[in-house]
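The figures here come from the full heavy-atom set of this structure, side chains too, leaving out hydrogens, waters and symmetry mates.
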Amino acid sequence: MGSARDDYLQRLITQAAEALRRLRTRLGTGESVESVRADADAAIGTLLGPQREMLERLDAWSAINLLGDTARAGAWVDLLELQADTRDAQGDTTRANGLRQRVTALRAQLAALPVTDT
């Protein structure tokens, strides 16, 4: 059973990484920033599933530890950083800065976790 779950999580992480690459490209080519942000939001929803709302409300330490998978958490943080970039591109520096603070806190917690072979 664990193997099926691991395979599922790996597919989610791979999809998130592919989405991030595509979205970064789209943002760089001048595509609608709102469209890129909406698609990043959808990718986060897929990656986190029903835990999303709870994870977004938790402090960084709790969110990272509850998520329990460093690769999945890293993909989430990368997508959040993309969302901050879209906010910057629209001149919404207040929201961009809030997202960047969250990204920084989450990355710090990820860095503090022990390295595991997966």
Side-chain angles (χ1 to χ4, degrees):
M1 190 74 154
S3 179
R5 181 180 185 277
D6 291 345
D7 290 346
Y8 173 72
L9 290 176
Q10 187 55 51
R11 280 193 306 275
L12 284 178
I13 294 162
T14 300
Q15 288 172 359
E18 290 169 2
L20 180 65
R21 279 191 293 277
R22 284 191 311 272
L23 293 168
R24 284 260 173 232
T25 299
R26 287 172 48 197
L27 187 61
T29 61
E31 186 170 328
S32 162
V33 174
E34 185 61 38
S35 172
V36 171
R37 187 172 60 247
D39 289 348
D41 187 65
I44 290 170
T46 300
L47 181 66
L48 300 181
Q51 291 182 315
R52 179 183 184 168
E53 187 175 326
M54 177 182 46
L55 290 167
E56 288 178 340
R57 292 175 186 262
L58 291 172
D59 64 279
W61 184 90
S62 298
I64 294 299
N65 283 286
L66 182 64
L67 197 52
D69 183 286
T70 57
R72 191 169 166 208
W76 175 35
V77 173
D78 290 343
L79 287 164
L80 285 175
E81 188 170 46
L82 174 65
Q83 285 187 321
D85 293 344
T86 64
R87 294 292 184 178
D88 271 337
Q90 290 185 310
D92 189 351
T93 56
T94 301
R95 286 190 181 167
N97 289 340
L99 284 166
R100 289 192 199 295
Q101 287 175 352
R102 179 68 167 168
V103 165
T104 299
L106 290 167
R107 283 199 200 285
Q109 291 306 314
L110 274 171
L113 291 177
V115 177
T116 58
D117 294 328
T118 54

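A distance of 13.0 Å separates OG1 in Thr46 from CZ in Arg11, rounded to the nearest 0.5 Å. The distance from atom CD1 of Ile64 to atom CH2 of Trp76, rounded to the nearest 0.5 Å, is 6.0 Å. For the atom pair CD of Glu81 and CZ of Arg24, the computed distance is 6.0 Å after rounding to the nearest 0.5 Å. The line from OG of Ser62 to CZ of Arg57 is 14.5 Å long, rounded to the nearest 0.5 Å. Distance CZ/Arg22 to CG/Asp39: 8.5 Å, rounded to 0.5 Å.
Under 4.0 Å is where a charged nitrogen must lie from a carboxylate oxygen, and between Asp41 and Arg52 at least one such pair does.
Residue Leu79 comes nearest to Ala16 through the heavy atom pair CD1-CB, 4.2 Å, listed as atom of the first residue, atom of the second, then distance. Across all their heavy atoms, Leu82 and Ala40 have their closest contact at CD2-CB, 3.9 Å. The minimum heavy-atom distance linking Ile44 with Glu56 is given by the pair CG2-OE2, 4.3 Å.
Each of Leu80 and Trp61 belongs to its own hydrophobic cluster when Ile, Leu, Val, Met, Phe, Trp and Tyr are linked at side-chain heavy-atom distances under 4.5 angstrom.
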Below 3.5 Å, can you tabulate the donor-acceptor pairs from side chains in residues 98-105 to any protein atom, sequence neighbours excluded?
from, atom 1, to, atom 2, distance (Å)
Arg100, NE, Asp88, OD2, 3.4
Arg100, NH1, Asp85, OD1, 3.1
Arg100, NH2, Asp85, OD1, 2.7
Arg100, NH2, Asp88, OD2, 2.5
Arg102, NH1, Leu58, O, 2.8
Arg102, NH2, Leu55, O, 2.8
Arg102, NH2, Leu58, O, 3.0
Thr104, OG1, Arg100, O, 2.9

Residues Leu106, Gln109; criterion side chain to side chain contact (heavy atoms under 4.5 Å, CB included); working and verdict: CA-CA 5 Å; Leu106 290 167; Gln109 291 306 314; 5.8 Å; no
Evaluation steps, side chain to side chain contact (heavy atoms under 4.5 Å, CB included), between Ile13 and Asp69: CA-CA 10 Å; Ile13 294 162; Asp69 183 286; 3.5 Å; yes
Full working for side chain to side chain contact (heavy atoms under 4.5 Å, CB included) between Leu9 and Arg5: CA-CA 6 Å; Leu9 290 176; Arg5 181 180 185 277; 3.2 Å; yes
Step-by-step side chain to side chain contact (heavy atoms under 4.5 Å, CB included) determination, Leu113 to Asn65: CA-CA 9 Å; Leu113 291 177; Asn65 283 286; 3.8 Å; yes
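Remark: side-chain polar atoms of Arg72 are paired, donor with acceptor, to backbone N or O of Leu47 under 3.5 angstrom.
Arg37 and Gln90 form a side-chain donor-acceptor contact under 3.5 Å, judged by distance and modelled atom types alone.
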